[in-house]
Each structure stands twice: as C-alpha cells, then as structure tokens.
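Everything on this sheet refers to the single structure shown next.
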2 protein chains.
Amino acid sequence: MYDLFFKKFRERIDLSPEEEIQIKSYLIPKKIRRRQYLLQEGDICKHIAFVEKGALREYSIEGGTEHIILFALEGWTVADLFSFLTGEPAVYTIDALEDSELVLISKSSHEELLQTQPKYETYMRLLITDAYIALQKRLTSSISLPIEERYKNFVETYPDIVQRVPQHMIASYMGLSPETLSRVRKKMLNQK
Amino acid sequence: MYDLFFKKFRERIDLSPEEEIQIKSYLIPKKIRRRQYLLQEGDICKHIAFVEKGALREYSIEGGTEHIILFALEGWTVADLFSFLTGEPAVYTIDALEDSELVLISKSSHEELLQTQPKYETYMRLLITDAYIALQKRLTSSISLPIEERYKNFVETYPDIVQRVPQHMIASYMGLSPETLSRVRKKMLNQK
DNA sequence: AAAAAGTCTTGACAAAAGTCAATGAAATGA
DNA sequence: TCATTTCATTGACTTTTGTCAAGACTTTTT
C-alpha cells in the first residue's frame with residue numbers, strides 16, 4: 001500500500017525512513033469503482049488524490065457536453081486544485097474510468113505537511129511545476145498545430161491512455177467532436 | 001528599484017527586513033527596449049524575469065506564424081520554464097511589446113535561494129500554482145466555450161492587456177486568425 | 001443468454017473559421 | 001513632418017469542423 005506514491009516521491013526527493021513514516025501517517029487509502037464519482041461539480045474539493053492503480057478523468061460540463069481536462073492513470077495526481085485551495089465549489093467533476101485505488105491527502109493534512117515536512121513542500125513544488133509544463137505544451141500544440149499533429153503528439157506522449165480510454169473521450173480531451181477524430185485517424189491510416 | 005517585486009512577494013509571504021536584503025542581493029535589474037528579444041528560440045533560458053514595468057510576450061513560431069502563449073505585464077513573471085529547468089534549448093521566444101524594466105534571477109541564484117531561503121521556495125510554489133490554475137482555466141475555456149464567450153472572459157480577466165496590446169496578438173493568443181476575432185467583435189457590438 | 005448501453009464509423013449537409021486581397025486609418029521612426 | 005510600417009476591417013471564396021442520423025459491432029448488465 002502506498003507503494004507507487006513513495007516510489008514516485010523517492011524518484012524526485014531523498015526521504016529518510018523517519019520522514020516516510022511521518023508522511024505516511026497522513027495518507028488515506030481509498031478504493032473507487034468504475035463510474036463512481038470522486039468529486040462532483042459544485043462540491044468542495046477536500047482531497048488531493050494520487051492514483052495507485054486504475055484510471056480517472058476530470059472534466060467540466062458545458063451545455064450538456066463533457067469536456068475532459070485531464071486523464072489520471074497510475075502515478076498521476078488529480079484534484080480540482082482551485083476548489084481545494086480556496087474552498088470554493090468545484091467547477092470540475094472527477095470520476096473513475098476503471099476500478100481504482102487512490103491515496104488521499106486532506107486539506108488539513110496538506111497544510112500540516114507543508115508546515116512540518118520541508119521535503120513535502122519541495123515535492124509539491126516539483127509536481128505542480130511538471131503539471132504546469134505539461135499543460136503549457138498541451139496549450140501550445142492546441143493553438144499552433146493541426147489536429148493530425150496534435151493527435152500524433154498525444155499518442156506518442158500517452159500511449160497508455162490511447163490503449164485504455166475510449167476514443168471519443170480523447171476527442172473530448174482535444175476539444176474535438178468524436179466524428180472529427182475518427183476521420184482524422186482514418187486519413188492518417190490511408191497516408192501510411 | 002525592485003519595488004513591485006517585493007510588493008508582490010509580501011502580499012503572499014511575510015518577509016523580515018533581513019530576508020528581503022538577502023533575497024535582494026541575488027536580483028539583477030535589466031532594461032529592455034520595445035521589440036528587443038529577451039530570449040530567442042534555440043537559446044538556453046538562463047533567467048526568470050519579473051516585469052517591474054512594461055509589457056512582454058512569449059510565443060512560439062510554427063510554419064512562419066507566431067503563436068502567443070503568454071503576455072507578461074507589470075507584476076508577471078516570464079521565462080521558458082522548461083528550458084530554464086532542464087538546460088534544453090528554448091522552444092519559445094520572448095520579446096518586449098513596450099520599453100520595459102525587469103528583475104532577473106539567474107539559474108544559480110534560483111537554486112541557491114531555493115536551498116537557503118525557505119520563503120523563496122514557498123513563494124515560487126505559490127507562483128507556479130497560480131500560473132497552473134490560470135492556464136487550466138484558459139485551456140478549459142478554449143476547449144469548451146464558443147469564441148465569443150472566450151473573448152468576453154479574456155476582456156474581463158485582462159482589461160489592461162486589451163488596452164495595451166494589438167488585437168491581432170490577442171487573436172494569436174486565442175488561437176484565431178485576426179480576421180475571425182475582428183468579425184466576432186463586430187458581431188458582439190451589433191448585439192448590444 | 002438476452003437486453004441494454006456504449007462505441008466507432010460513415011454519409012449528407014450546415015456552420016464555423018481560415019485564406020487571400022484590398023482599403024483606409026493609425027502609429028512609428030527617420 | 002513625411003514616409004513607412006503596422007493595424008483593423010471587409011468581401012469573396014475555400015477549407016475545416018460540427019451536427020444529425022443510421023448502422024454495425026462490442027461490452028456491460030441483468
């Protein structure tokens with residue numbers, strides 16, 4: 001339990017056994033079933049969730065259509081960060097695409113860890129920096145590349161997501177209709 | 001000098017006079033003229049730049065077209081973060097839209113400050129978190145809202161940018177042709 | 001095992017956005 | 001100040017993408 005969480009942590013930061021025990025004492029394990037909500041729009045986001053196993057998605061709903069802003073597979077962290085930090089109602093919904101195992105950190109634990117465990121703060125800083133860089137790449141490619149290139153990049157960057165997630169959700173993630181992605185893929189096949 | 005830099009810092013974190021003096025000793029002032037480059041694609045990004053005065057933009061060039069990923073007015077921070085952190089060549093170009101005054105932090109200063117000034121690390125964590133949340137909002141609206149709504153949001157969120165930056169650059173920031181933005185604005189006026 | 005729900009593809013058509021070209025106005029720089 | 005460059009708008013046309021509907025196939029649930 002918490003294996004992947006600490007594996008990822010130790011990949012970035014040296015942790016003494018004592019520090020690991022300290023941090024571990026704040027973590028909450030949680031299992032969640034396929035299609036089950038972790039967070040619903042309007043709720044207040046009370047936890048950061050690390051995915052030990054399984055797959056989740058985070059999305060907004062506008063005019064009846066879901067717009068996926070994030071897939072979270074093993075090793076990823078997911079939350080409505082704005083809601084978590086401010087206590088405002090969430091604008092995003094999070095649910096499970098597969099039966100999953102999570103590690104939760106509550107808001108109060110998060111704050112206490114930031115105060116008492118310098119390495120936790122450093123790790124959080126690194127995580128959010130990585131997330132920012134990934135998001136910036138995504139945004140750049142969405143405003144500067146043709147769909148075909150964007151899809152190629154996606155497949156290269158996240159081959160595991162392509163395997164495990166329905167295609168119409170990838171279309172949603174890219175801001176496209178499912179039909180358009182289907183046609184782009186067809187065109188790519190014919191070119192080869 | 002550095003007034004705005006420390007004003008923003010103190011808005012988020014309590015700083016003792018000693019801490020302020022310590023941090024100040026690492027900062028480098030720099031003036032930059034309109035149209036002058038701060039960073040060119042292919043260079044290695046050696047500094048984080050805080051904008052004391054003026055306006056800059058960060059953009060990529062794809063197939064001869066500029067795609068603006070960030071405007072940085074007074075109080076904002078700009079860098080090719082990936083290049084800065086990894087030492088890889090920059091994929092973005094940064095130049096000045098107006099004569100500007102900057103505060104630079106070099107890579108080695110940044111690393112030393114992270115090690116020696118816990119409040120600097122905390123401040124950096126807060127900055128990057130804010131930047132992440134802003135970017136996520138931008139991405140969400142770009143995949144889920146019609147152009148008109150996106151432009152309205154932009155004007156509401158950044159009225160100062162709308163005042164000071166040419167419209168075709170805002171189109172570029174939104175991933176649109178200048179003609180399309182011009183037409184959307186016309187339509188909005190007629191509706192009122 | 002059967003029913004139901006979800007998934008992907010395709011065609012026909014509509015709507016949105018881009019491209020190219022021209023014009024006049026405004027800002028910039030010598 | 002005057003020439004030059006930049007900027008915003010508009011029209012005509014093309015390309016891209018979305019929408020709606022139907023069909024085949026697969027997966028999930030009962």
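Note on naming: letters A, B, ... go to the chains in the order of the sequence lines (proteins, then strands), and numbering restarts at 1 for each one.
Remark: A:Lys186 is in phosphate contact with C:dT10, judged by side-chain N or O atoms under 4.0 Å from OP1 or OP2. The side chain of B:Gln167 contributes no N or O atom lying less than 4.0 Å from OP1 or OP2 of D:dT6. Contact annotation: A:Thr180 does not reach the phosphate of D:dT17 (side-chain N/O to OP1 or OP2, under 4.0 Å).
Computed from coordinates, the B:Leu189 CG to D:dT9 P distance equals 9 Å when rounded to whole Å. Distance CE (A:Met169) to C1' (D:dT27): 13 Å, rounded to an integer number of Å. The distance from atom CG of A:Leu97 to atom P of C:dG6 is 14 Å, rounded to the nearest whole Å. B:Leu181 places its CG atom 16 Å from the P atom of C:dA16, with the value rounded to the nearest Å. Between A:Glu98 atom CD and D:dT28 atom P there is a gap of 10 Å when expressed in whole angstrom units. Atom CG of A:Leu176 is separated from atom P of D:dT19 by 11 Å (rounded to the nearest Å). In this structure, A:Arg150 atom CZ and D:dT16 atom C1' are separated by 13 Å, rounded to whole Å. For the pair A:Asp99 CG and D:dT28 P, the interatomic distance rounds to 11 Å; values are reported in whole Å.
Comparing C:dC8, D:dT9, D:dA8 by their nearest atom to the side chain of B:Ser182 picks out D:dT9. Here D:dA8 is the nucleotide among C:dG29, C:dT10, D:dA8 with the atom lying nearest to any side-chain atom of B:His168. With C:dA21, D:dC7, C:dT10 as the candidates, the nucleotide lying closest to the side chain of B:Glu179 is C:dA21.
A donor and an acceptor atom, one from each side chain of B:Tyr151 and B:Arg185, are located under 3.5 Å apart. Residues B:Thr140 and A:Tyr92 bring a donor and an acceptor atom of their side chains to less than 3.5 Å of each other.
For the salt bridge (charged side-chain N to carboxylate O under 4.0 Å, His left out) test, residues two or more places apart in sequence or in another chain that qualify with A:Lys24 are A:Glu20.
At a threshold of 4.0 Å, the pair A:Lys31-A:Asp99 does not count as salt-bridged, since none of the basic side-chain nitrogens sits closer than that to a carboxylate oxygen.
A cation-pi arrangement, defined by a distance under 6.0 Å to the six-membered ring centre and an angle within 45 degrees of its axis, is absent between A:Arg10 and A:Phe6.
Interface remark: the B:Arg183 side chain does form a donor-acceptor pair with the D:dG11 base, using a distance-only criterion of under 3.5 Å.
DNA chain D is contacted by both A:Ile147 and B:Arg34; B:Arg34 maps to the nucleotide lying nearer its 5′ end (nearest heavy atom per residue). Nearest-nucleotide assignment on DNA chain C puts the 5′-proximal partner with B:Ser177, out of B:Ser177 and B:Arg35.
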